[in-house]
Amino acid sequence: MSRLGPPSVEVLPDITWARVERRLWAALDEAEAEVAATPPSSSTRRWARYGVAAGLALAAAAALLLLWPDGTSRSHDLPSRVATAEAETTLSFGDAEITVLPASTVVLAGTPARGVDIVLEQGSATFAVAPRKGRPPFVVHAGVADIRVVGTRFTVTRSGDAARVEVTHGEVEVVAHGRRELLLAGSSWSSSRDGATAAVEPAVEPAVEPAVEPAVEPAEVQPRPRQVIDPKAAYEAAASLEPADPVAALAAYRKIARGTGPWAANALYAAARLADQEGQPALALALARQYTKRFPAGANVRDAARLITRLEGATNATPP
Amino acid sequence: MTRAAVHHTLYRILGSNQDMEDVLQETFLEVFRSMKRYAARSSLVTWCCAIASHVALGHLRGRRRPMVELSDDLPAPSPDAERIALAREAARRLYAALDKIDPVHRIAFALAVVDGKSLQEVAELTDSSLSAVKTRVWRARKELDRLAGRDPVLSAYVAELAEDAPAREGV
């Protein structure tokens, strides 16, 4: 018999790693929730609780380092994890402005001097990043997709392993399943619900001026002609996406909901409803609460209240 | 690359990706739980792989799967694919036999002989003494020789791996 050598190690697919990563975050989130739910009955316990919380934060940081494909090279840059509840938050990270939308979580790692890696654990975030010409890389990881920034403003939405990228200005490069796609302003990329396949929607000519200005514009981002969006048309487009691509529809609703007026209200409720349908109760609850707070006289306020009651009941009924 | 090293270690011990997702998940959770105990005596990668070995041991001990029976049937020879098919079949028989021996011995054998790690490295990964590792590898080899008694493919494969392994002085 000729020499056979040791058996070869079968590579684990990216999608499996993404699942492992997601399950880990979920387990860490669960542990955090357990810590948060513990009533502080004495100062000793309170400090113990803070200790456990700090441990979990460290664990989250470690998770990023260990699961990172090139984690060892960045092991000295401890990442930060940012989770939003019902309100969005905007962060400055080096030459980037990051708006983390409600019920979303991102982990920021690296340094602006050496390069930035961001993991979108769940939800949506909008990034405004200076052009990378000669600057260190800026990469966003969301499910199956790695989004390498060329210099741009863009939004990433993640639902499980599925991801969607929409480019407002400039361009980004999306890498998923070993394939690279360069996205220009106005185009979008989305993977299927299980993250296994992906499709690019090319840029279309803008039609109307946007209702809402983006929150932050870094100085280095070049001004571009603004996209024009009719909120009603945008809402209808989002609604038509629902059956085939709920992740894209959810992202579109949330984008419209950032504006004002009746279509923003409709879109916010639709996003809450769709998140609930898609098995994302935490997101659905946050969006429904946001709806009742922002639009107390809105047409869907009763439906939103019913959704909140049901989701809160489900949360309370969940065994520890 | 920590995650790749952890996967490699687990693959060598388990022999396939069949239960890999669960074992990886458990390994990383265990890493996080033990993070505060990491004293940097070994590299982070080695420390994570040691935890992976420990988790794999628990997995093998708790596993209740029907064992794959050894068969005397050889794969049908085909000029181009014969060597690959033979290697695959030999690996399948090897792990089927490893399923039947003590998981502690199996892990020592898989790391030292199949993966080619030094006995010292295996001792570090399994938190054992050098002599304990030597004994385990030797016992695994004896067990495999017994199981491979009438299986020339497995017998030759085990002999080849043992001959190539840097730790062969104790095997």
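Only heavy atoms go into these numbers, but all of them, side chains included; no hydrogens, no water, no symmetry mates. Proteins come first, then strands; the chains are lettered A, B, ... in the order of their sequence lines, and each starts at number 1. Nothing here was measured: the structure is a model prediction, and the numbers come from that model.
The greatest number of non-hydrogen atom pairs below 4.5 Å with chain A, out of R88(B), R12(B), H8(B), is found for R12(B).
Between R3(B) and L12(A) the shortest side-chain heavy-atom distance does not fall below 4.5 Å. Two residues are said to be in side-chain contact when any heavy atoms from C-beta on lie closer than 4.5 Å; Y95(B) and P7(A) meet this criterion. Residues P6(A) and D115(B) are not in side-chain contact: their nearest non-hydrogen atoms beyond the backbone lie 4.5 Å or more apart. Considering only heavy atoms from C-beta on, R23(A) comes within 4.5 Å of E21(B) through its side chain.
Closest heavy-atom contact between H7(B) and E10(A): CE1-O, 3.1 Å. Closest heavy-atom contact between F28(B) and V20(A): CD1-CG1, 4.5 Å.
Every residue two or more places apart in sequence or in another chain was checked for a side-chain hydrogen bond (donor to acceptor under 3.5 Å, both in side chains) with D102(B), and none qualifies. Partners of D276(A) according to the salt bridge (Lys or Arg N to Asp or Glu O under 4.0 Å) rule, which considers only residues two or more places apart in sequence or in another chain, are R310(A).
E160(B) contributes a side-chain N or O that, together with a main-chain N or O of G5(A), makes up a donor-acceptor pair within less than 3.5 Å.
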Worksheet item: Can W17(A) and L24(B) be said to form a side chain to side chain contact (heavy atoms under 4.5 Å, CB included), step by step?
Response: CA-CA 9 Å; W17(A) 281 114; L24(B) 275 171; 3.8 Å; yes
